[in-house]
Each structure stands twice: as structure tokens, then as C-alpha cells.
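Values below: all heavy atoms of this structure, side chains included; hydrogens, waters and symmetry mates excluded. Within every chain, numbering begins at 1; the chains are lettered A, B, ... in the order of the sequence lines, protein sequences first and strands thereafter.
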Amino acid sequence: MKIRKIGRGEEKIELQMTPMIDIVFQLLAFFIMTFKITVPEGDFNIKMPLAGPSTGAVSEDLPPIKIRLRASANGELATIEFGQRRMGRDFPGLREQIRQMIGDEAGPGGSNLEAELDCDFDLRYEYVVEAITAVSGYITPDGRMGKLIEKIKFAPPRPGQ
Amino acid sequence: MRVTKGGGGASGVEMDMTPMIDMTFQLIAFFMVAINFSEADQNQRIKLPASELAKPADAPLASPITLQLTDGSTVIMGAEEVPVTEIKPLLLREKQLLEAQGTDFKQANIIVRADRDAKTGRVQALIRTAQELGFEKFVLRAMQQRE
């Protein structure tokens with residue numbers, strides 16, 4: 001910034017804009033070049049150590065809730081089996097069944113139960129995430145997250161092609 | 001832009017820079033806020049499955065190792081892309097690296113970014129390989145779905 005003072009009380013300030021505009025445009029160019037629109041991502045945490053050999057001791061934990069996901073030949077979901085029930089592709093129905101099972105009517109809250117997903121090899125992964133979503137919780141009408149089953153594991157992999 | 005022309009052949013062009021600078025600073029502010037430098041481990045080939053319950057983590061994950069499973073049968077780990085069956089040496093290297101740093105590798109988080117069209121069996125094979133090396137904590141990553 002260059003300040004010149006002219007006599008007789010007259011004052012003139014001359015601002016050098018060029019360097020500032022240069023740097024501002026360089027910054028703008030940098031941000032535009034590096035900018036990428038990304039969709040926010042979220043996580044499902046699974047703690048799943050490798051099952052060790054059975055010691056013969058009786059576990060005090062309840063047996064896991066088994067959910068079987070069967071795939072058609074092209075990898076689409078054929079049916080969900082929950083216990084003895086065949087539920088088609090009804091994930092909301094699966095969630096309702098889980099809610100009834102763990103007695104969630106009183107309000108949202110987690111359960112100590114464990115769910116085991118048993119999936120066909122060729123099943124498309126998006127159905128697994130849908131199943132995990134249905135099992136692990138729901139969104140309440142006021143937009144909060146209600147938790148159902150937090151412990152989720154996979155059954156041993158089924159042989160594939 | 002204001003153009004002033006004086007008489008006697010002398011001409012002066014006076015440009016009002018204020019609106020342009022205002023706009024430019026606003027653009028810079030927008031890009032600074034929206035920029036995300038932490039996307040090194042987000043391969044654009046992977047189309048994540050969507051879930052309404054997938055919420056961004058509250059805190060950064062401890063010792064994250066990102067495995068990105070394509071809709072084929074390959075895994076991208078860092079700059080390397082290998083078949084699922086050949087991921088073990090890469091994971092072993094990560095494990096040894098963590099041990100050399102004095103970090104408990106069991107606390108490391110294996111982030112699985114699998115394509116929505118990937119075969120579940122391959123995701124399980126990937127998880128099993130990591131389990132065999134002693135990793136216990138897994139994070140299945142999904143795209144946040146708008147309700």
C-alpha cells in the first residue's frame with residue numbers, strides 16, 4: 001500500500017489492488033481445481049474376532065438371532081429367512097419382527113442380543129447393508145436414531161462359484 | 001463499471017472493483033469451507049450401498065486401514081490393486097508396521113468400502129483374511145441416505 005501525502009491538507013490514498021487480486025484469483029483457482037463433491041459416508045462398526053476352537057464350556061450369552069439371506073442366480077435377493085419365517089424382500093417387516101422380539105415398544109434403546117447374517121456368496125452387498133440397517137436400528141418420527149441390535153456378525157462364508 | 005471521459009483528449013477509465021472482490025472472497029470462503037482433504041481413501045469407482053442409519057463417525061477411527069472392494073474381484077489398498085485372494089501380504093505388512101510403531105494392531109479398524117454390486121462372499125473372504133491375521137474391528141462403510 002502506497003500512501004502519498006500532498007500538501008495543503010489534501011490527502012489521497014492509492015491502493016495497489018493488483019497483487020491482492022492476483023493472489024485471490026490464484027486461491028480461487030486452487031480451490032476450484034481441488035474441489036470434489038463427495039457424499040457423506042457413515043459407518044457400521046462390527047467387532048468380529050475369528051472364532052476360536054470350542055472349549056466345551058457353555059456360553060452364558062444368548063444364541064444369536066439368525067437371519068438368512070438367499071440370493072437368486074443373478075445375485076438379487078430372493079428371500080429373507082428369519083427363524084422359520086420366509087419374508088420375501090421385506091426389510092421393514094424384518095425390522096418390525098426384530099422390534100417385537102426385543103420388546104422395543106417402550107422406546108428406542110439398544111439390545112444385548114447378537115444378530116448373525118448368513119448370506120449366499122453371490123448376493124449383492126447392498127442387500128447385506130440393507131439387512132444390517134434393518135437389524136441395527138430405525139429412524140424415529142422426530143428424526144433421531146433408535147437402536148435395536150448393535151452386535152452383528154457374519155456366519156461362516158458359504159462356498160461360491 | 002463506471003467510465004468517465006474527460007475533455008481535451010484526456011480519457012480515464014475507472015473500474016469499480018468492489019463487487020468483483022466481494023464475489024471472489026465469497027467464492028473462496030465457500031470453497032474453503034466445502035473442501036475435503038481427507039478423501040485420499042475414497043476411490044470414485046466404488047459405489048457404496050446407501051443406508052439411512054449410516055452416520056459419520058463422531059471421532060476419527062484409531063489406526064484405520066481402508067480396503068476398497070470393487071464390483072469385480074479386486075481390492076484397492078492404498079495405491080495397490082490386487083485380487084481378493086492376494087490381500088493377505090498387504091495386510092500382513094500393515095500389521096507389522098503397526099507393531100513396529102508400538103500400536104496394538106487389534107485396535108486397528110479395518111474399513112471395508114465395498115461396492116454395492118460386489119458379491120457378499122468376497123466381502124466375507126476379505127474380512128476372514130483380516131481375521132486370520134488377528135484383526136478384530138471392522139467398519140462397514142455406507143453412503144448416507146437422505147430421508
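If you take CG on B:Leu69 and OH on A:Tyr125, they are separated by 9.0 Å, rounding to the nearest 0.5 Å. Between the OG1 atom of B:Thr120 and the CG atom of A:Leu69 there is a distance of 8.0 Å, given to the nearest 0.5 Å. The distance from the CZ atom of A:Phe121 to the NZ atom of B:Lys119 is 6.5 Å, given to the nearest 0.5 Å. The line from CE of B:Met17 to CE of A:Met20 is 7.5 Å long, rounded to the nearest 0.5 Å. How far CG of A:Leu27 is from CD1 of B:Ile28: 4.5 Å, rounded to the nearest 0.5 Å.
If you measure heavy-atom distances from B:Ala50 to chain A, the contacts under 4.5 Å come from the backbone alone. Residue B:Val139 touches chain A through both its backbone and its side chain, counting heavy-atom pairs closer than 4.5 Å. With a 4.5 angstrom heavy-atom cutoff, B:Asp115 touches chain A only via backbone atoms. Proximity to chain B is limited to the side chain of A:Val128, based on heavy atoms less than 4.5 angstrom apart. With a 4.5 Å cut-off on non-hydrogen atoms, A:Ala29 does not touch chain B at all.
Taken together through direct or relayed side-chain contacts under 4.5 Å among Ile, Leu, Val, Met, Phe, Trp and Tyr, B:Ile127 and B:Met77 form part of one hydrophobic cluster. Follow the hydrophobic side-chain contacts under 4.5 Å out from A:Phe154 and you reach B:Leu67 in the same cluster. In the hydrophobic clustering of this structure, A:Ile152 groups with B:Leu140; members are Ile, Leu, Val, Met, Phe, Trp, Tyr whose side-chain heavy atoms approach within less than 4.5 Å, directly or through other members. When the side chains of ILVMFWY residues are joined at heavy-atom separations under 4.5 Å, either directly or via intervening members, A:Phe30 and B:Met23 end up in two distinct hydrophobic clusters.
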Derivation and outcome, side-chain contact (heavy atoms from CB on, under 4.5 Å), residues A:Leu28 and B:Thr24: CA-CA 7 Å; A:Leu28 191 59; B:Thr24 313; 3.9 Å; yes
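Using a 4.5 Å cut-off between non-hydrogen atoms, the part of residues 88-96 of chain A that approaches chain B consists of A:Arg95.
Across B:Phe30, B:Phe135, B:Phe25, B:Phe138, the residue that shares the most heavy-atom pairs under 4.5 angstrom with chain A is B:Phe138. Heavy-atom pairs under 4.5 Å with chain B peak, among A:Gly42, A:Cys119, A:Pro156, at A:Gly42. For the options B:Met32, B:Arg116, B:Arg113, heavy-atom pairs under 4.5 Å to chain A are most numerous at B:Arg116.
Taking each heavy atom of A:Glu126 and B:Asp117 in turn, the nearest pair found is OE2-OD1, 4.3 Å. Nearest heavy atoms, A:Thr133 versus B:Leu53: O-CD1, 3.3 Å.
At least one side-chain heavy atom of B:Leu61 sits under 4.5 Å from a side-chain heavy atom of A:Asp43.
Judged purely by atom type and a 3.5 angstrom limit, A:Glu41 has no side-chain atom pairing as donor or acceptor with the backbone of B:Ala54.
Shown here are the salt bridge (Lys or Arg N to Asp or Glu O under 4.0 Å) partners of B:Glu94, two or more places apart in sequence or in another chain: there are none.
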